[in-house]
Protein chains: 2
Amino acid sequence: MATGRTHRPATRSRGIPEATVARLPLYLRALTALSERSVPTVSSEELATAAGVNSAKLRKDFSYLGSYGTRGVGYDVEYLVYQISRELGLTQDWPVVIVGIGNLGAALANYGGFASRGFRVAALIDADPAMAGKPVAGLPVRHTDELEAIISDNGVSIGVIATPAGAAQQVCDRLVTAGVTSILNFAPTVLSVPEGVDVRKVDLSIELQILAFHEQRKAGEETAAASAATAGATPVPPRVARAAGGGRKGPDGDVPAVMPA
Amino acid sequence: MATGRTHRPATRSRGIPEATVARLPLYLRALTALSERSVPTVSSEELATAAGVNSAKLRKDFSYLGSYGTRGVGYDVEYLVYQISRELGLTQDWPVVIVGIGNLGAALANYGGFASRGFRVAALIDADPAMAGKPVAGLPVRHTDELEAIISDNGVSIGVIATPAGAAQQVCDRLVTAGVTSILNFAPTVLSVPEGVDVRKVDLSIELQILAFHEQRKAGEETAAASAATAGATPVPPRVARAAGGGRKGPDGDVPAVMPA
DNA sequence: TTTTGTGAATGGCTTCACAGCG
DNA sequence: CGCTGTGAAGCCATTCACAAAA
């Protein structure tokens with residue numbers, strides 16, 4: 001429906017696998033902690049434990065960046081911190097805007113993890129005129145009308161969307177038109193963006209749903225048919241146009257196989 | 001160091017691939033939207049577009065759940081909503097606790113996406129005595145002392161950690177001891193948990209760092225050596241015990257290759 | 001001897017392409 | 001004839017295991 005490709009075009013980033021890129025911030029965090037304790041060197045085994053991965057994976061990841069270790073010794077902490085920071089682009093200054101200053105937007109504005117990694121909150125933007133001028137996390141909230149000006153004045157290329165779902169696509173379009181090319185989306189919607197724009201999505205309820213899936217599996221081993229037992233407000237299992245017999249059935253045998261009346 | 005396995009033991013969930021499980025909530029959201037518009041059936045192509053994936057993947061995902069479609073027609077929206085909800089365990093009621101009622105914790109407590117999907121916030125818990133009793137999102141904040149009692153009184157099996165990093169492991173240990181077996185962690189730390197406990201991690205700054213990586217790649221095509229140009233407060237590139245020559249170099253040729261003095 | 005760096009083996013996920021069913 | 005369901009192929013990521021370097 002919208003413009004061409006959607007949702008992470010996965011631009012095969014020159015050589016470094018996407019999975020490795022996603023782990024670099026993890027390594028960086030562990031290394032920073034070591035650096036603060038003035039630990040000079042670290043082995044792949046130790047660092048892997050601290051980052052919560054296994055050491056073979058870590059060494060392979062680092063091998064994509066270059067040979068930065070010393071055999072028989074390990075990795076120089078400071079040097080690795082620098083190399084990974086540079087690889088991630090954190091030696092630069094990245095101005096970001098946060099759009100949608102509700103509970104979540106305010107939490108993001110106050111989050112210390114941004115500033116400490118080269119991300120500078122250039123502006124907070126909200127559509128509510130009553131919010132305009134009110135200080136949040138030490139910054140005055142600006143009105144949406146100013147969005148385009150703020151983006152171009154500050155050379156912002158990364159935008160964070162924390163609006164309600166209904167407003168997200170519209171905000172996204174304006175951000176992109178104004179020159180933003182990377183978007184972190186907290187709104188529960190799939191955003192359409194033109195080629196060349198990266199979108200990453202964080203969805204709080206999706207994570208919980210994944211946990212619930214596994215949780216259910218754990219419980220399923222004890223209580224036999226626990227499905228409809230616990231709830232007090234489960235809606236009626238909908239009947240549906242669905243033929244009996246034929247293909248494979250649901251994996252657990254307890255498919256209702258409801259027939260139309 | 002800590003107890004046995006760490007960070008997502010990836011319990012090969014009987015039949016359904018992890019990647020598929022992670023997409024089910026996405027499909028569910030798209031289907032719910034269709035359901036609200038009273039759309040009776042949907043093709044894999046349409047639904048895939050709405051969910052931001054490609055249609056072959058969607059069909060393969062659904063094939064793990066069973067044959068719920070009708071050839072030549074598509075999928076019955078209501079029926080699929082029910083099947084996916086059931087598969088994810090959302091037909092049950094899941095009481096959750098949120099520990100750490102700072103900015104983020106409050107945002108989570110107010111987030112509507114939980115309640116609408118079977119997750120009921122059973123309690124908000126904070127270590128600050130000054131917070132105790134104060135209402136947040138309509139619930140009184142309880143003190144950490146009551147944590148164990150709250151968990152067992154409400155049969156809570158899912159916990160959300162939104163504390164500062166320093167407190168996270170301790171809170172995690174107490175949650176696990178009290179009976180929680182699934183944890184959603186917003187604190188920027190790797191949590192150690194015993195076998196059988198699932199942990200999922202949401203890290204706001206990691207997502208931004210991944211975006212910065214790609215952003216840097218985009219910019220790199222235009223401005224040649226942009227690395228140290230923009231910043232005004234970049235710390236000194238650390239010198240380090242690193243021999244010249246030998247192995248492969250960094251992928252972009254501009255490795256400083258600093259020598260010890 | 002210790003620990004890295006990496007080919008080779010393995011396993012999982014995605015995509016293709018089409019048989020089969022309605 | 002349209003669209004699902006799915007083997008088969010291809011791709012990407014993880015893990016193994018060891019040669020090479022310090």
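What you see is a predicted model; the values in this text were computed from it and never measured. Below, chains carry the letters A, B, ... as their sequence lines are ordered, and counting in each starts from 1.
By the side chain to side chain contact (heavy atoms under 4.5 Å, CB included) test, B:Ser35 is found to be paired with B:Val77, B:Glu78, residues two or more places apart in sequence or in another chain being considered. With sequence neighbours left out, A:Phe62 forms a ring pair (Phe, Tyr, Trp, His ring centres under 6.0 Å) with A:Tyr27, A:Tyr75. With sequence neighbours left out, B:Thr189 forms a side chain to side chain contact (heavy atoms under 4.5 Å, CB included) with B:Ala165, B:Ala168, B:Ala187. Checked against side-chain hydrogen bond (donor to acceptor under 3.5 Å, both in side chains), B:Thr41 has no partners two or more places apart in sequence or in another chain. With sequence neighbours left out, B:Gln170 forms a side chain to side chain contact (heavy atoms under 4.5 Å, CB included) with no residue at all. Here A:Ala19 pairs with A:Arg23 under the side chain to side chain contact (heavy atoms under 4.5 Å, CB included) rule; sequence neighbours left out. Applying the side-chain hydrogen bond (donor to acceptor under 3.5 Å, both in side chains) criterion to A:Ser157, with sequence neighbours excluded, gives no partner residue.
In this structure, OH of B:Tyr64 is placed 17 Å from P of D:dT4, rounded to the nearest angstrom. Separating the OH atom of B:Tyr68 from the C1' atom of C:dC21 is a distance of 19 Å, rounded to the nearest angstrom. Distance CD (A:Glu46) to P (C:dT3): 8 Å, rounded to an integer number of Å. Distance B:Asp61 CG to D:dT6 P: 13 Å, rounded to the nearest Å. Look at CG on B:Leu58: it is 12 Å from P on C:dT15, rounded to the nearest Å. The interatomic distance linking B:Leu65 (CG) with D:dT4 (C1') rounds to 14 Å, in whole Å. As rounded to whole Å, 16 Å separates atom P of D:dC3 from atom CG of B:Leu80. Distance CD (B:Glu18) to P (C:dT14): 11 Å, rounded to an integer number of Å.
Note on B:Lys57: a side-chain N or O is less than 4.0 Å away from OP1 or OP2 of C:dT15. Close to C:dT3, at under 4.0 Å from its OP1 or OP2, lies no side-chain N or O of A:Ser43. In this model, the phosphate group of D:dT14 is not approached by any side-chain N or O of A:Asn54 to a distance below 4.0 Å at OP1 or OP2. Phosphate proximity of C:dG5 to A:Tyr75: present, with a side-chain N or O under 4.0 Å from OP1 or OP2.
For the helix from C:dT1-D:dA22 to C:dG22-D:dC1, the axis fitted to the five pairs at one end and the axis fitted to the five pairs at the other end meet at an angle of 10° (nearest 10 degrees).
Each of C:dT14, D:dT14, C:dT4 was ranked by its minimum atom distance to the side chain of A:Arg23; first place goes to D:dT14. Distance from the side chain of B:Thr70 is smallest for C:dG22 among the nucleotides C:dG5, C:dT15, C:dG22.
Counting only distance, with no hydrogens or angles, the side chain of B:Lys218 and the backbone of A:Gly196 share a donor-acceptor pair below 3.5 Å.
Nearer the 5' end of DNA chain C, as judged by each residue's closest nucleotide, is the contact made by A:Gly74, out of A:Gly74 and A:Lys60. Ranked by how close their nearest DNA chain D nucleotide is to the 5' end, A:Gly72 and A:Thr20 are led by A:Thr20.
Nearest approach of B:Val193 to B:Cys172, heavy atoms of both residues: CG1-SG, 3.6 Å.
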For this session: Walk me through it: do A:Ser192 and A:Gln169 pass the test side-chain hydrogen bond (donor to acceptor under 3.5 Å, both in side chains)?
Result: CA-CA 7 Å; A:Ser192 279; A:Gln169 181 64 58; 4.5 Å; no
Table of protein N/O atoms under 3.5 Å from nucleotides 17-20 of chain D N/O atoms:
| from | atom 1 | to | atom 2 | distance (Å) |
| --- | --- | --- | --- | --- |
| D:dA20 | N3 | A:Arg71 | NH1 | 2.9 |

